[in-house]
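Reading through the structure tokens given below for one structure.
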There are 2 protein chains.
Amino acid sequence: MQKKNSATIYDVAHRVGVSLATVSRVVNGNSNVRDSTKRKVLDAIEELGYHPNAVARGLASKKTTTIGVVMPDVTDVYYSELARGIDDVANMYHYDVLLTNTDEDPVRETMAVNNLASKQVDGIIFMGNELDHEVVNTISGVNAPVVLAGSLDSDEQLPSVNIDYVAAIKEAVTAVIKNGHNRVAIVTGPVAHAINGMHRLVGYKKALEEAQIEFDDSLLFVTHQDYAAGLQVAERILATGATAVVTYDDEIAIGIMNYLRDHGKKIPEDFEIITSNDTKFTIITRPQVTSIGQPKYDIGAVAMRMLTKLMNNEKIELTQVKLPHTLERRGTTIN
Amino acid sequence: MQKKNSATIYDVAHRVGVSLATVSRVVNGNSNVRDSTKRKVLDAIEELGYHPNAVARGLASKKTTTIGVVMPDVTDVYYSELARGIDDVANMYHYDVLLTNTDEDPVRETMAVNNLASKQVDGIIFMGNELDHEVVNTISGVNAPVVLAGSLDSDEQLPSVNIDYVAAIKEAVTAVIKNGHNRVAIVTGPVAHAINGMHRLVGYKKALEEAQIEFDDSLLFVTHQDYAAGLQVAERILATGATAVVTYDDEIAIGIMNYLRDHGKKIPEDFEIITSNDTKFTIITRPQVTSIGQPKYDIGAVAMRMLTKLMNNEKIELTQVKLPHTLERRGTTIN
DNA sequence: AATAGCATTGTAAGCGTTTGCAATTTGCTA
DNA sequence: TAGCAAATTGCAAACGCTTACAATGCTATT
């Protein structure tokens with residue numbers, strides 16, 4: 001049980017008989033301080049159990065060594081993987097992370113961003129599909145660099161790290177088409193969101209086009225992302241005569257799979273499924289779920305790395321980073 | 001795009017022609033300010049786009065309205081559920097959350113706590129099984145209240161919120177015993193950790209004792225918590241002749257289940273499985289996994305609520321909270 | 001109309017650091 | 001040993017806000 005009222009920089013300065021400035025310098029490993037005095041200061045710090053007050057530091061230096069992370073939901077395995085990547089490199093660069101859940105609510109998203117700004121964070125990583133004008137506006141108005149992770153604004157003007165969604169979805173769809181399916185359903189989030197309407201759906205259509213299959217919008221399903229949604233949409237998908245589906249969320253995919261199997265369908269013989277996030281969920285089920293492979297951890301890590309550069313005023317060569325994706329072929333597709 | 005160099009309280013005061021104190025008062029919704037001046041101040045704030053600088057506020061008031069959360073891994077579904085509960089009630093009380101991952105490494109845990117202290121957080125929620133003396137020491141040395149969530153120190157001196165692990169495990173074990181098993185394996189984490197050695201294992205032994213079954217330590221398995229561990233330990237469990245298992249982690253349980261099924265065992269007819277965390281994992285598999293039901297979100301929420309009281313110097317009647325648990329009977333047990 | 005007493009507002013001293021600039025030392029050179 | 005540049009240090013002003021305490025403005029009472 002250490003003493004409660006912790007020592008200040010003044011105490012150690014006084015103890016050693018030097019000025020505040022000197023102590024500050026050694027604490028910051030800064031500039032040139034004679035070795036002998038540095039040692040004395042260090043000793044005093046040790047003895048007094050001095051710990052710099054980060055708040056005071058922040059006020060004086062205008063740097064908080066804290067970044068903000070705004071995300072839909074920590075509980076979502078996809079985003080939490082990104083968060084982990086972010087956190088690890090944040091720590092690597094000695095930043096702390098202020099975390100905010102928004103549930104994709106634009107109101108809460110703008111509130112979160114504003115709140116982080118008032119907390120004087122040095123930078124922000126933003127995750128969330130719904131980047132409407134309001135949100136983009138407040139983001140660009142903030143006096144700190146922001147980078148999007150696993151997210152896109154429609155104008156693609158904000159720095160971001162993603163995979164190439166149109167290519168990825170196109171590959172997935174093409175894969176099932178090659179396996180002989182010509183009625184393949186797709187389930188995404190609201191088409192109004194850029195990531196859906198301008199990327200996933202585009203990839204889907206490109207694959208169809210390349211296979212000379214006409215787009216049938218009855219095969220497009222929009223749901224929110226959870227297991228129950230998968231269970232529910234499955235029946236409707238079946239009704240369309242589709243024999244394969246590409247989903248944007250693993251829980252949905254598994255919901256579909258379980259529903260179909262419960263209704264006598266054999267997976268993958270009768271019906272193929274490909275999902276997008278490659279979370280742990282896809283591994284623990286039987287059969288395991290074929291998925292687009294995303295470097296989730298890396299998306300977070302790279303985004304954070306990019307943010308450090310931005311915070312450091314370094315020039316960024318490329319602000320729209322696309323990380324490589326794969327197609328993890330598993331049990332819900334023939335091959 | 002708002003102006004970059006944001007207005008300060010001084011600007012507002014100057015604009016309206018009042019003192020800093022007055023502006024501060026209206027910003028803090030504080031004490032008595034004449035309605036007319038309040039309105040003028042509010043208008044000026046609006047026009048100038050003034051946002052209080054939380055850092056300066058923190059320095060002056062010695063309150064940061066920020067709490068620290070230290071947890072093993074955001075990516076872990078169990079803990080992220082707790083985190084969500086914490087975050088929600090934190091927001092409800094207008095606290096922000098500084099998140100730190102420790103991977104259960106005591107060194108990182110103490111570093112995290114110290115770091116949070118230097119950031120002047122108003123309180124800390126700590127999660128992690130390994131509460132060794134070092135960690136407990138630095139925790140109690142910190143100048144801010146700390147409460148454990150889903151975690152226990154061996155002396156149970158730190159405020160905490162949990163379920164009654166011994167009762168819960170005892171029920172689970174008893175359940176399979178009642179289903180006719182007399183060789184039931186148990187897999188936990190390191191027995192040196194209080195939560196395992198002093199709770200889970202005790203519950204297990206109590207169940208055996210009540211059923212007059214002798215404890216056989218070859219039925220005790222210690223693993224870390226992931227799917228691969230489950231896959232690996234399954235074979236060893238089988239070798240002991242056990243016909244049922246109670247695990248402390250859902251991924252392990254599913255690993256065991258998948259291994260056994262791949263090796264011709266019928267679940268639950270040939271082998272019963274009960275796990276402990278009742279995460280989404282237990283729902284999406286077929287069969288679904290029987291589990292102890294934990295109010296994970298609530299554990300986090302209640303812990304955070306408790307912390308607000310502590311930060312507010314309110315007296316706490318009960319510091320060792322045990323929330324009710326259930327037994328969610330699903331497909332990996334006969335009933 | 002004077003005054004007690006409350007409501008409202010202002011003053012100014014912190015809060016614990018950082019940091020530009022000035023002052024002092026030190027080490028060398030000649 | 002004087003003289004000068006470089007290396008160390010100290011000074012003191014910020015940083016943007018909170019908050020005792022003091023000062024002033026009111027109201028109502030007599």
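Just the heavy atoms: all of them, side chains too, but no hydrogens, waters or symmetry mates, feed the values below. Bear in mind the structure is a predicted one, so any value in this text is a computation, not a measurement. In what follows, every chain begins at residue 1, and chains take the letters A, B, ... in the order their sequences are listed.
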Residue closer to the 5' end of DNA chain D, B/V23 versus A/S36 (nearest nucleotide)
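With A/S36 and B/V23 compared, the 5'-side residue is A/S36.
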Is atom [atom1] of [X] surrounded by more than 12 heavy atoms (other residues, nucleotides or ligands) closer than 6.0 Å?
X: B/E314; atom1: CD; answer: yes
X: B/M111; atom1: CE; answer: no
X: A/K322; atom1: NZ; answer: yes

Qualifying residues under side chain to side chain donor-acceptor pair (under 3.5 Å), relative to B/Q157, sequence neighbours excluded:
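Counting only residues at least two positions away or on another chain, B/Q157 forms no side chain to side chain donor-acceptor pair (under 3.5 Å).
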Identify all side-chain donor-acceptor contacts of residues 298-305 of chain A below 3.5 Å with residues at least two apart in sequence or on another chain.
residue : atom : partner : partner atom : Å
A/R305  : NE   : A/Y93   : OH           : 2.9
A/R305  : NH1  : A/T308  : OG1          : 2.5

So which protein N/O to nucleotides 11-17 of chain D N/O distances come out below 3.5 Å?
residue : atom : partner : partner atom : Å
D/dC15  : O3'  : A/K62   : NZ           : 3.4
D/dC15  : O2   : A/A60   : N            : 3.3
D/dG16  : OP1  : A/K62   : NZ           : 2.9
D/dG16  : N2   : B/A56   : O            : 3.4
D/dC17  : OP1  : B/Y50   : OH           : 2.6
D/dC17  : OP1  : B/N53   : N            : 3.1
D/dC17  : OP2  : B/I9    : N            : 2.4

Expressed in angstrom and rounded to an integer, what is the separation of B/D35 atom CG from D/dG25 atom P?
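Rounded to whole Å, this separation is 20 Å.
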Is the shortest side-chain N/O distance from B/T22 to OP1 or OP2 of C/dG10 below 4.0 Å?
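Yes, such a contact exists.
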Decide yes or no for B/M71 and B/N101: does some side-chain heavy atom of the first lie under 4.5 Å from some side-chain heavy atom of the second?
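With C-beta onward as the side chain, the pair touches.
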With sequence neighbours left out, which residue pairs that include part of residues 77-92 of chain A fulfil the salt bridge (charged side-chain N to carboxylate O under 4.0 Å, His left out) condition?
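Found A/R84-A/D88, A/R84-B/D73, A/R84-B/D103.
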Please give the angle, rounded to 10 degrees, between the axes at the start and the end of the helix from C/dA1-D/dT30 to C/dA30-D/dT1, where five pairs define each axis.
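It comes to 50° between the two terminal axes.
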Pairing residues for A/L42 by the side-chain contact (heavy atoms from CB on, under 4.5 Å) criterion, not counting sequence neighbours:
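Checked A/L42 against side-chain contact (heavy atoms from CB on, under 4.5 Å); matches are A/V26, A/K38, A/I45.
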